[in-house]
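Only this structure's heavy atoms are used, side chains among them; waters, hydrogens and symmetry mates stay out. In each ligand, atom 1 is the first atom listed, and ligand 1 is the first ligand listed. Since we're looking at a predicted model, the values are computed, not measured.
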Amino acid sequence: MAFKQEFVWGAATASYQVEGAAYEDGKGLNIWDIFCKEEGRIYEGQNGDAACDQYHLYKDDVKLMKELGIQAYRFSISWARIMPDGTGRTNQKGIDYYNHLIDELIANGIEPFITLYHWDLPYKLHERGGWLNPESPEWFYQYARVVAENFSDRTANYFTLNEPQCTVGLGYYTGEHAPGLKVGKKDFFSIFHNILKAHGRAVQALRAYAKQPVKIGMAPCGALYYPSTNSPEDIEAARRMNFHIQNPDVNECIWNIAFVCDPIYKGTYPKEVFTFFGDELPEITKEDMQLISQPLDFHGQNIYNAVEIRADANGNPKRVKRFDGFPKTAIQWPVTPECLYWAPKYLYERYQKPIYITENGMSSHDWPGLDGKIHDGARIDFMHRYLLELKKAADSRVDIAGYFVWSLLDNFEWAKGYSDRFGIVYVDYQTKERIPKDSAYFYRDIIKHNSW
Ligand code: BGC
């Protein structure tokens, strides 16, 4: 059985990781522009000032996508490019850029999927407290309104937030990402609550100002778990790990998928949040939870790997130790194809929304061979294995709406700079030349047949 007829085969990127043009045409600064300049933050002191220069080369990238048969492009909008101060005045040149990109995509038969926020908060808003400021949901509302007013006549699909767990966990708690803060638990929970409220306000703005009916979801990540065997005990144990926070540890709480999904789909935080962190929580009102749980059309999930779980004699979940030499990618992430079957299955059972895999892929240390081509056999094998599992999920009646490979291009990999290459297209950062890797052609053939 193939994927369903309307299945969407896409590719994803994010503004700061590919656009470059950090100081052009009236764009305001964002937290990554500043963070990258701080010593010791980014691998080899690199930054996204030029990145892949998609700002100037978008026509080439769209052409490339067309040649590969890619049906949808998930890209994010740089908030500070269209609203340099984050609120108030807009920057027409920035808006024009996205208009041109969208028009070019549509002219080439590629559907735009917009992510509103992929981590690049306008720096002016950071100076006003960023996501800790209780006004931040209103800032995000205004921004989403500008997006709806300018792009929704041609763009019907939206993701509000990309991986809010990283924004808050890495940006404000461990400090590995911009803005590089290490706040205490109380602020941590306030920031998280604000960002979920911001999501709700953005959904409202998109629905209120869109020029056509739009479809909206979120694209979180999360620690995911799959059962060791098909025994009911193992399946239940892995489910428990997926949806229940096990310890009073913020680092565990933030990656638990129910911490973000229960509020947005069920209108309540998981009960462990109250038992483990009751004293640290901000005021959470009924109105807040109504706002946060605005009805959504689909669920986006970024999935790269998961942890194997077995039930012990009492049915309690136990992590299975990975064997020595377990396959892993260049960024040191394990290769666990099972996650593309189990994670959508668990998520669909619990939240009942059609699922887009909004990111999946792997990093490898690719370089052009003597023949000038990029032979990324490992990535082909990775995609093949993962997509077989995804198809198994689709065949077992999990509503899988589409798949976006991460990433279209090698790009600026946040704190890792340019050291990890996730693209199906190689980028020479000196010349900006693009070379489709072998995996891009493998992907092209899958898209063509909607299967193998
Ligand atoms: C993010 C991307 C990132 C990718 C690989 C995801 O967490 O959304 O921006 O490049 O993973 O690390």
Write 'none' if nothing qualifies; otherwise put on separate lines each N/O atom of ligand 1 with a protein N/O atom under 3.5 Å away and their distance to 0.1 Å.
| unit_1 | atom_1 | unit_2 | atom_2 | d |
| --- | --- | --- | --- | --- |
| ligand 1 | 7 (O) | Glu163 | OE1 | 2.6 |
| ligand 1 | 7 (O) | Glu163 | OE2 | 2.9 |
| ligand 1 | 8 (O) | His118 | NE2 | 3.2 |
| ligand 1 | 8 (O) | Asn162 | ND2 | 2.9 |
| ligand 1 | 8 (O) | Glu359 | OE1 | 3.1 |
| ligand 1 | 8 (O) | Glu359 | OE2 | 2.8 |
| ligand 1 | 9 (O) | Gln17 | OE1 | 2.8 |
| ligand 1 | 9 (O) | His118 | NE2 | 2.8 |
| ligand 1 | 9 (O) | Trp414 | NE1 | 2.8 |
| ligand 1 | 10 (O) | Gln17 | NE2 | 2.9 |
| ligand 1 | 10 (O) | Trp406 | NE1 | 3.2 |
| ligand 1 | 10 (O) | Glu413 | OE1 | 2.6 |
| ligand 1 | 11 (O) | Tyr304 | OH | 3.4 |
| ligand 1 | 11 (O) | Glu359 | OE1 | 3.4 |
| ligand 1 | 12 (O) | Glu413 | OE2 | 2.5 |

Check this for me, if you would: do Asp381 and Arg385 make a salt bridge, where the nitrogen-to-carboxylate-oxygen distance has to be below 4.0 angstrom?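 So Asp381 pairs with Arg385 through a salt bridge.
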Taking the basic N atoms (NZ, or NE/NH1/NH2) and the acidic carboxylate oxygens, is any pair closer than 4.0 Å for Arg421 and Asp410?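 Looking at Arg421 and Asp410, the cut-off is met.
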Donor-acceptor side-chain pairing of Arg201 and Gln204 below 3.5 angstrom: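 Yes, Gln204 and Arg201 have a side-chain donor paired with an acceptor closer than 3.5 Å.
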Could you tell me if the ring centre of Phe113 sits under 6.0 Å from that of Tyr356?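 When the ring centroids of Phe113 and Tyr356 are compared, they turn out to be within the sub-6.0 Å range.
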Could you tell me if the ring centre of Trp139 sits under 6.0 Å from that of Trp79?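 No - the distance between ring centres of Trp139 and Trp79 does not fall below the 6.0 Å cut-off.
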Using 30° and 60° as the class boundaries, would you call the ring planes of Phe140 and Tyr143 parallel, tilted or perpendicular?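 Ring orientation of Phe140 relative to Tyr143: tilted.
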